[in-house]
Structures are given as C-alpha cells and as structure tokens.
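The next block holds one structure in the form of structure tokens; read it before the comments.
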Amino acid sequence: MKRIIYIILIVTVIILLITFLGNELSKARSFQLFGDLVDHVETEEHVVALTFDDGPGIHSEEVLQVLDEQEVKATFFLTGEEIENEPELAQLMADRGHEIGNHSYSHERMVLKSPSFIEKEVQKTNGLIREIGYKGEIHFRPPYGKKLFILPYHLSQHNQKTVMWNLEPESDPELARDSEKMITYVEEEVKPGSIILMHVMYENRKESLKAIPGMIESLKEKGYTFVTVSDLMQDQGN
Ligand SMILES: [Zn+2]
C-alpha cells in the first residue's frame with residue numbers, strides 16, 4: 001500500500017514537472033525547438049522595429065496616418081479572420097509599404113493542436129496575405145507568443161521564421177494604462193536591434209495608440225531609425 005502511494009506521488013510530481021516545463025517552453029521568447037526564432041537582432045546600428053499585433057481593427061487608419069506622418073515603416077502581424085473581414089484595411093497597410101506578418105487565422109493558442117489545424121491556420125493566412133498584394137517574406141508571430149512542437153516544426157518546414165519581441169510595455173498593467181509611462185519605459189529599455197510589440201487596433205487599446213507618436217519621436221531623438229522586421233534581420237545578415 002505504502003509503495004502504491006509512493007508511486008502515485010512520483011508520477012504526480014513528474015506530470016506536474018512536465019506540465020510546468022511545457023508551459024515555460026511554450027511561452028519562451030527567445031527559444032523554440034525547431035526553425036528560426038528572432039526576438040531582437042544583435043547590431044551596432046541604432047535600428048529598431050515597431051510591430052503591431054492583431055487586426056486589421058477599427059484604429060488601423062489612425063495608426064497608418066501616424067506612421068505616415070512620422071515616415072516610419074512598421075510590421076503588422078494580422079490574423080486571417082480579420083483580413084477576411086477588412087481586406088481593404090489590410091491592403092492599405094501593404095500598399096503604404098509596411099511589412100505584413102502572419103498572426104494565425106483564428107488567434108487561438110497554437111499549442112496542443114493537431115498538425116492539420118496548425119497547417120490550416122498558417123497556410124490559409126499566408127494565402128490571404130498574398131491576396132491583399134503583399135509580396136515580401138511572411139514571418140509568423142504566434143498568438144499569445146505560444147508555441148511548442150507542431151507550430152515551430154511546421155514553420156521550419158516552410159522556411160517561415162518565428163518573430164517574437166523583446167520590448168512590450170503593455171505587459172505591465174501599470175504602464176499599459178498610461179501612454180507617457182509606456183513611452184518612458186521604451187525610451188529607457190530600447191537597445192539597437194530591439195523589436196517592440198504594441199497592440200493598437202481595438203477600442204480598449206486607446207492608451208497604446210496614444211503612445212505611438214511620442215514613442216517614435218523619443219526614439220528618433222535618441223538617434224534610432226525605424227525599420228521593418230525583415231529589414232532589421234537583414235541588418236544582422238540573418
Ligand atoms: Zn495577438
């Protein structure tokens with residue numbers, strides 16, 4: 001009897017450990033098991049990539065206007081479903097010279113899903129990105145930054161890179177509700193080759209949208225140039 005309890009205990013600990021490690025691995029920002037992952041690049045140049053996740057959403061045109069005014073090219077990771085809903089907005093982003101990335105079709109977590117589900121999410125969205133006329137390389141950013149085995153494997157088989165980020169002011173709720181604090185945080189933390197993540201597409205992200213012009217201006221003052229993710233990676237010769 002004692003032995004059975006002992007075995008149950010050990011098995012439970014092992015299961016908990018595997019779950020914990022799997023979870024840690026799935027959300028790791030700078031590591032995955034297959035294929036290329038980029039969360040920043042090593043460079044001496046004062047270059048930085050501004051990336052926006054989700055959408056196209058209702059604030060797309062405002063964001064595009066800010067970027068035009070600032071003469072900044074950014075990278076938009078869009079979902080297939082939202083491209084289908086707002087193809088004109090997505091096309092506008094591509095037409096204005098911004099980079100378009102794949103952020104899955106449905107924005108579900110891409111872990112513990114079947115290979116066919118993952119394939120459909122990635123390939124259908126690649127197709128939609130081509131339909132809006134985008135011709136550049138299409139990188140993938142996992143929804144919620146989650147990936148484990150099948151997604152990285154699928155991407156590696158199709159030569160698509162995983163693009164994460166190393167600066168996300170909105171991850172701290174204290175900063176997220178104050179545009180000025182987000183601007184200061186990025187100004188202090190930025191390094192050559194940083195990839196900044198912001199969400200500005202929806203109504204509940206107004207503070208983030210408000211932060212964009214100030215964020216761009218403060219980094220320009222520090223001597224930074226804004227480039228797309230692909231251009232940033234070329235800087236490193238990646
Ligand atoms: Zn997202």
Side-chain angles (χ1 to χ4, degrees), residues 23 25-32 35 37-40 49-64 67 74-87 89-90 92-94 98-113 117-129 132 134 138-148 150-152 154-155 160-173 175-177 182 186 194-212 215 228-230 232:
N23 188 45
L25 179 63
S26 75
K27 64 183 185 193
R29 249 195 236 166
S30 52
F31 175 78
Q32 66 183 8
L37 177 148
V38 178
D39 70 333
H40 75 288
L50 184 56
T51 69
F52 299 107
D53 276 11
D54 311 335
I58 50 168
H59 292 304
S60 302
E61 283 175 273
E62 285 161 86
V63 183
L64 288 173
L67 296 174
T75 304
F76 290 91
F77 288 94
L78 306 177
T79 70
E81 198 164 19
E82 286 165 299
I83 296 174
E84 274 182 346
N85 292 338
E86 299 283 357
L89 288 179
L92 212 55
M93 293 169 177
H98 300 292
E99 177 164 352
I100 308 296
N102 184 333
H103 196 39
S104 84
Y105 180 80
S106 65
H107 205 273
E108 284 187 48
R109 283 174 170 75
M110 300 286 129
V111 289
L112 306 176
K113 298 285 195 305
F117 177 87
I118 301 277
E119 178 172 4
K120 206 170 148 205
E121 288 281 326
V122 177
Q123 298 307 329
K124 192 171 176 185
T125 305
N126 282 345
L128 287 160
I129 291 173
I132 59 163
Y134 182 72
I138 302 173
H139 306 304
F140 190 89
R141 176 170 281 164
Y144 314 99
K146 297 283 258 180
K147 68 236 156 331
L148 201 50
I150 298 169
L151 176 65
H154 179 83
L155 294 173
Q160 275 187 275
K161 291 189 178 81
T162 304
V163 172
M164 301 290 277
W165 60 91
N166 69 344
L167 262 189
E168 186 192 12
E170 298 160 320
S171 61
D172 180 343
L175 301 180
R177 66 173 84 98
M182 284 190 271
V186 170
S194 286
I195 299 178
I196 304 167
L197 164 59
M198 294 291 284
H199 297 77
V200 291
M201 290 294 163
Y202 311 130
E203 203 50 39
N204 62 349
R205 297 290 195 159
K206 273 203 161 144
E207 237 8 70
S208 298
L209 181 60
K210 213 171 117 190
I212 300 302
M215 199 176 282
T228 61
V229 164
S230 284
L232 190 73

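These numbers were taken from a predicted model, which means no experiment stands behind them. For ligands, and for the atoms within them, numbers begin at 1 and follow the listed sequence.
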| request: To the nearest 0.5 angstrom, please state how far the CD1 atom of I100 sits from the CD1 atom of I83. | output: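 Interatomic distance, I100 CD1 to I83 CD1, rounded to 0.5 Å: 7.5 Å.
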| message | Closer than 2.8 Å to the Zn ion (ligand 1): how many protein N, O or S atoms are there? | response |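 For the Zn ion (ligand 1), the figure is 3.
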| note | Contacts satisfying salt bridge (charged side-chain N to carboxylate O under 4.0 Å, His left out) that involve residues 49-64 (not counting sequence neighbours) are D53-R141
| query | Only one of K147, E121, Q123, Q160 forms a side-chain hydrogen bond (donor to acceptor under 3.5 Å, both in side chains) with H154, so which one is it? | reply | Q123
| Under 6.0 Å from the NZ atom of K210, do we count more than 12 heavy atoms belonging to anything else shown? | no
| request: Assess the side chains of E82 and H107: does a donor N or O sit below 3.5 Å from an acceptor N or O? | output: no
| F76 and side chain to side chain contact (heavy atoms under 4.5 Å, CB included): which partner among T228, T51, L64? |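 Answer after filtering T228, T51, L64: L64.
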